[in-house]
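A short worksheet on the structure shown next.
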Amino acid sequence: MSNQVKIFDTTLRDGEQCPGASMNLREKMEIARQLSRVNVDVIEAGFPVISDGDFEAVQTIATEVQGPVICGLARCVDKDIDAAGAAVKPAGDRGRIHVFLGTSAIHREFKLKKAEEEIIRMAVSGVQRARKLAKDVEFSPEDGSRTEPEFLARVVQAVIEAGATTVNIPDTVGYAVPEQYAALIEYLRSNVKAIDDAILSVHCHDDLGLAVANSLAAVKAGARQVEGTFNGIGERAGNCALEEVVMAIKTRGEYYAGLHTGVTTQEILKTSRIVSRMSGLHVARSKAIVGENAFAHSSGIHQDGILKKRETYEIMDPKEVGWGGTELPLTKHSGRHAMAVRLEHLGFQLSEEEQAGVFTRFKEVGDKKKFVYDDDLAALVEDSVSGTEETYILDYIHVTCGSTTVPTATVRLIKDGEPMQDSSPGNGAVDAAMQAIDRIVKGNGQLAQYSVEAVTQGRDALAEVTLKVNFGNDDLITGKGASTDVIEASARAYVNAVNRAEMLKGRRKASAAAPI
Ligand code: KIV
Ligand code: ZN
């Protein structure tokens with residue numbers, strides 16, 4: 001058995017299923033390029049049949065991203081498998097189709113209404129169809145951890161015989177506990193004759209907070225692929241946090257005797273930051289490995305120990321995961337070339353035109369604050385190159401507020417070159433600005449979440465606003481905006497959400513007209 005534990009990243013598929021995390025193509029591309037730099041083995045880029053947008057994202061990533069295997073998800077349904085095959089085709093031999101089908105008693109009886117033999121027949125025929133389109137085929141018995149082990153073993157044997165090259169055992173609902181999940185992996189290794197002809201993979205959800213523990217127990221029991229996401233984002237409580245699995249295997253090398261991953265760990269922090277920025281999902285300060293406090297020592301005793309010998313209170317060198325690089329901030333005197341070099345260092349690939357847009361914002365901000373740090377710059381990229389078609393552009397905002405006045409905002413937006421202006425009072429300055437925007441775009445967005453973060457330190461820090469808005473259906477649309485002024489950043493974020501909603505409306509119309 002190989003000593004390499006393959007890392008399968010599903011940030012762009014299961015991660016994106018997290019409410020409010022849906023991303024546009026540009027955001028997905030930024031993540032995919034960084035996943036290639038951090039050197040994961042597989043990128044699950046999406047579920048191609050579900051929308052034109054997902055198909056396009058998987059196909060573009062398969063065309064443009066070099067290095068990892070590019071994977072598309074499919075149910076055991078012909079049109080799903082064909083769409084996944086077509087989307088990953090540009091990756092050539094690096095294309096993988098991931099077919100899944102529920103196997104547990106509860107899925108068989110209530111969701112699929114199929115008997116065991118029919119489930120095996122569907123799984124086999126799905127894998128065979130996928131194998132005609134790609135050499136690399138993964139099969140997942142959905143809800144595998146709650147499937148009767150004897151039946152699960154029969155399914156696994158059948159799909160490997162049908163040509164599956166990886167078999168994944170999902171803990172779909174996060175029900176497993178480490179010892180039991182490891183025992184299931186051992187059981188399959190002992191009871192499936194063909195088990196060595198495929199890579200055994202695990203995919204854990206975090207409903208009981210055990211996704212990482214379960215994945216590591218399974219690795220110890222012989223699994224050689226771990227699926228998850230950076231920052232652990234995903235459906236419900238999320239997926240297994242890959243950065244934790246990778247660093248556990250590396251840091252506890254003596255326990256995981258001889259096992260290793262191919263991940264370039266120095267890129268982990270950057271990957272976490274990009275995922276957080278693109279998905280609009282913040283990382284908790286105390287999050288292991290990548291949280292702001294992960295390597296911060298506040299107690300005097302600890303600080304003293306660290307100064308005497310770092311290892312007294314640190315089990316990893318922060319530099320190993322990308323913390324602590326020296327940063328040379330830009331200033332308003334920095335030129336376009338210096339900014340371009342910094343952007344490249346941060347992993348952004350921008351066209352000349354996009355760079356020009358960022359440079360304009362950079363100069364505006366440089367006039368207001370002394371230093372423009374890397375995080376400021378990344379926030380400005382998000383603000384000015386959102387990848388969203390800009391139906392409306394924020395041209396002007398003026399707000400009056402104070403302890404004895406009714407807050408009122410006047411906003412001017414540009415649509416198709418035409419200025420549109422309106423004013424509104426509100427319950428606070430931010431609310432007034434959003435109501436003025438609603439009046440112009442004839443909308444009525446309900447703010448479901450609002451967060452503002454100082455991107456760097458100091459009174460002149462850039463404020464980055466992330467919000468989630470419901471525009472009258474069940475979708476939560478994310479909007480992001482940055483400025484040294486919190487009200488302007490909020491208005492920018494709201495206009496960004498309005499533009500995303502417009503784009504989504506356009507896409508849905510197109511999808512309805514031409515279903516795959
Ligand atoms: O959680 C799950 O079961 C999945 C499968 C599609 C692998 O995401
Ligand atoms: Zn999942």
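Start at 1 and go down the list; that is how both ligands and their atoms are numbered. Please read all numbers here as calculations on a predicted model, not as lab measurements.
Shown here are the protein N/O/S atoms lying under 2.8 Å from the Zn ion (ligand 2), water excluded: D14 OD2, H203 NE2, H205 NE2.
Side chains of D136 and T165: a donor on one and an acceptor on the other come within 3.5 Å. Side chains of S272 and N231: a donor-acceptor N/O pair is present below 3.5 angstrom, by distance only. A side-chain N or O of Q34 and one of R37 form a donor-acceptor pair less than 3.5 Å apart.
Judged purely by atom type and a 3.5 angstrom limit, R108 has no side-chain atom pairing as donor or acceptor with the backbone of K113. Checking side-chain atoms of D206 against main-chain N and O of L210 turns up a donor-acceptor pair under 3.5 Å. Remark: the backbone N or O of A379 is not paired with any side-chain donor or acceptor of K480 at under 3.5 angstrom. In terms of modelled atom types and a separation under 3.5 Å, the side chain of K220 and the main chain of Y255 share a donor-acceptor contact.
Every atom of ligand 1 is numbered from 1 in the order shown, and the set under 4.0 Å from a heavy atom of E142 is 3 (O). Within ligand 1, the atoms closer than 4.0 Å to a non-hydrogen atom of S140 are 7 (C), numbered from 1 in the order shown.
The part of H205 lying near ligand 1 is the side chain, judged by heavy-atom distances below 4.0 Å. Residue-level proximity to ligand 1 for H98 is carried by the side chain, the only part with a heavy atom below 4.0 angstrom. Counting heavy atoms under 4.0 Å from ligand 1, residue E138 does not touch it at all.
Classified by interplanar angle (parallel below 30°, tilted 30° to 60°, perpendicular above 60°), the ring pair Y494/F471 is tilted.
In this structure, the protein non-hydrogen atom closest to atom 4 (C) of ligand 1 is H203 NE2, 3.5 Å. Atom 8 (O) of ligand 1 has R13 NH2, 2.9 Å as its closest protein atom, hydrogens excluded (heavy atom only). Counting protein heavy atoms only, atom 3 (O) of ligand 1 is closest to T172 OG1, 2.7 Å.
The side-chain heavy atoms of H205 and D14, taken from C-beta on, include a pair separated by under 4.5 Å.
On a distance-only criterion, D14 and ligand 1 share at least one N/O pair closer than 3.5 Å.
A 6.0 Å sphere centred on NZ of K111 holds more than 12 heavy atoms belonging to other residues, nucleotides or ligands.
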